[in-house]
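This report concerns only the one structure given below.
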Amino acid sequence: MNYTNSGYYTATNNPYPVLEAASPITLVPLATSSPAIMLFGTKSDPVPYQQANKMYTALTTQFGNPPGKFMEYAPFNDTDLHAFDYWHTYNTEASDCVSHQVIHFLQTHP
(Lines give C-alpha, C1' and ligand atoms only; values in the text may rest on other atoms or scores of the structure.)
Protein backbone atom coordinates (compact mmCIF):
# COMPACT_ATOMS: atom_id res chain seq x y z
CA MET A 1 0.00 0.00 0.00
CA ASN A 2 2.94 2.30 0.55
CA TYR A 3 3.84 2.09 -3.16
CA THR A 4 0.39 3.16 -4.31
CA ASN A 5 -0.50 5.48 -1.42
CA SER A 6 -3.85 3.72 -1.34
CA GLY A 7 -4.24 3.24 2.41
CA TYR A 8 -5.71 0.34 4.31
CA TYR A 9 -9.05 -1.27 3.65
CA THR A 10 -11.83 0.41 5.64
CA ALA A 11 -15.58 0.81 5.30
CA THR A 12 -14.97 3.89 3.13
CA ASN A 13 -11.73 2.89 1.39
CA ASN A 14 -11.20 -0.15 -0.82
CA PRO A 15 -7.59 -0.08 -2.07
CA TYR A 16 -7.72 -3.50 -3.74
CA PRO A 17 -8.44 -2.34 -7.33
CA VAL A 18 -5.49 0.07 -7.15
CA LEU A 19 -3.25 -2.60 -5.63
CA GLU A 20 -4.26 -5.21 -8.22
CA ALA A 21 -3.63 -2.75 -11.07
CA ALA A 22 -0.14 -1.97 -9.73
CA SER A 23 0.78 -5.63 -9.26
CA PRO A 24 3.43 -7.18 -11.54
CA ILE A 25 1.02 -10.12 -11.86
CA THR A 26 -0.97 -8.02 -14.35
CA LEU A 27 2.04 -8.00 -16.68
CA VAL A 28 2.38 -11.78 -16.92
CA PRO A 29 -0.40 -12.32 -19.48
CA LEU A 30 1.31 -9.76 -21.74
CA ALA A 31 4.70 -11.49 -21.60
CA THR A 32 6.02 -13.81 -24.27
CA SER A 33 8.77 -15.26 -22.08
CA SER A 34 9.96 -15.29 -18.50
CA PRO A 35 13.19 -15.97 -16.67
CA ALA A 36 13.26 -18.74 -14.08
CA ILE A 37 11.63 -17.55 -10.85
CA MET A 38 11.84 -18.86 -7.29
CA LEU A 39 9.19 -17.60 -4.84
CA PHE A 40 9.29 -17.63 -1.04
CA GLY A 41 6.98 -16.20 1.58
CA THR A 42 6.45 -16.07 5.32
CA LYS A 43 3.22 -16.00 7.28
CA SER A 44 4.34 -12.83 9.10
CA ASP A 45 5.94 -10.98 6.16
CA PRO A 46 4.44 -7.52 5.54
CA VAL A 47 3.97 -8.67 1.92
CA PRO A 48 1.23 -11.32 2.12
CA TYR A 49 2.50 -14.78 1.18
CA GLN A 50 -0.59 -15.28 -0.97
CA GLN A 51 1.04 -12.95 -3.51
CA ALA A 52 3.70 -15.58 -4.20
CA ASN A 53 0.97 -18.13 -4.86
CA LYS A 54 -0.88 -15.74 -7.18
CA MET A 55 2.34 -15.03 -9.12
CA TYR A 56 3.15 -18.75 -9.38
CA THR A 57 -0.35 -19.42 -10.71
CA ALA A 58 -0.09 -16.56 -13.23
CA LEU A 59 3.31 -17.77 -14.45
CA THR A 60 2.34 -21.41 -14.82
CA THR A 61 -0.94 -20.46 -16.50
CA GLN A 62 0.89 -18.32 -19.04
CA PHE A 63 3.96 -20.49 -19.65
CA GLY A 64 3.26 -23.94 -18.26
CA ASN A 65 6.06 -25.07 -15.99
CA PRO A 66 9.09 -26.36 -17.82
CA PRO A 67 10.92 -28.61 -15.33
CA GLY A 68 11.71 -26.52 -12.29
CA LYS A 69 11.60 -23.13 -14.04
CA PHE A 70 9.06 -21.72 -11.58
CA MET A 71 9.34 -22.79 -7.95
CA GLU A 72 7.18 -21.79 -5.02
CA TYR A 73 7.78 -22.78 -1.43
CA ALA A 74 5.12 -22.89 1.24
CA PRO A 75 5.29 -19.98 3.64
CA PHE A 76 7.71 -20.20 6.53
CA ASN A 77 5.60 -20.20 9.70
CA ASP A 78 8.04 -18.97 12.31
CA THR A 79 9.48 -15.79 10.85
CA ASP A 80 8.64 -12.34 9.53
CA LEU A 81 11.69 -12.06 7.29
CA HIS A 82 11.55 -10.37 3.90
CA ALA A 83 13.70 -10.49 0.75
CA PHE A 84 17.42 -10.92 1.42
CA ASP A 85 16.82 -11.50 5.15
CA TYR A 86 15.92 -15.07 4.15
CA TRP A 87 19.44 -15.77 2.93
CA HIS A 88 20.61 -17.80 5.94
CA THR A 89 17.22 -19.28 6.83
CA TYR A 90 16.89 -23.06 6.83
CA ASN A 91 14.01 -24.21 4.64
CA THR A 92 12.63 -27.38 6.20
CA GLU A 93 10.52 -28.04 3.09
CA ALA A 94 13.69 -28.39 1.01
CA SER A 95 16.02 -29.54 3.82
CA ASP A 96 18.52 -26.86 2.88
CA CYS A 97 19.49 -23.26 3.57
CA VAL A 98 17.72 -20.72 1.34
CA SER A 99 21.08 -19.38 0.11
CA HIS A 100 22.10 -22.85 -1.11
CA GLN A 101 18.72 -23.31 -2.79
CA VAL A 102 18.94 -19.97 -4.59
CA ILE A 103 22.53 -20.52 -5.75
CA HIS A 104 21.68 -24.00 -7.06
CA PHE A 105 18.52 -22.67 -8.74
CA LEU A 106 20.43 -19.90 -10.51
CA GLN A 107 23.16 -22.29 -11.60
CA THR A 108 20.51 -24.63 -13.00
CA HIS A 109 18.80 -21.79 -14.93
CA PRO A 110 21.58 -19.61 -16.40
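Residue numbers count from 1 along this sequence.
One distance of note links CD1 of Ile103 with CG of Asp96; it measures 9.5 Å at 0.5 Å rounding. Distance check, rounded to the nearest 0.5 Å: CD1 of Ile25 to CG of Leu19 gives 11.5 Å.
Here Gln101 pairs with Tyr73, Asn91 under the side chain to side chain donor-acceptor pair (under 3.5 Å) rule; sequence neighbours left out. Judged as a side chain to side chain contact (heavy atoms under 4.5 Å, CB included), and not counting sequence neighbours, the contacts of Asn65 are Tyr56, Thr60, Lys69, Phe70.
When atom types are taken as modelled, the side chain of Thr10 and the backbone of Asn13 share a donor-acceptor pair closer than 3.5 angstrom. His109 places a side-chain N or O within donor-acceptor distance of the main-chain N or O of Phe105, the cut-off being under 3.5 Å.
A pairwise comparison of heavy atoms in Ser6 and Val18 identifies CB-CG1, 4.2 Å as the closest pair. The minimum heavy-atom distance between Thr4 and Ala22, with the atom names listed, is CG2-CB, 3.7 Å.
Residue Val98 is not grouped with residue Leu39 when hydrophobic side chains (ILVMFWY) are merged at heavy-atom distances under 4.5 angstrom, including chains of intermediate members. In terms of hydrophobic clustering, with Ile, Leu, Val, Met, Phe, Trp and Tyr side chains grouped at heavy-atom distances under 4.5 Å, Tyr90 and Val102 are assigned to different clusters. Under the 4.5 Å side-chain heavy-atom criterion for ILVMFWY residues, no single connected hydrophobic cluster contains both Met55 and Met38.
Checked for salt-bridge contact, Glu20 and Lys54 meet the test: a charged N lies under 4.0 Å from a carboxylate O.
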Can you give the donor-acceptor pairs under 3.5 Å from side chains of residues 28-36 to other protein atoms, not counting sequence neighbours?
none

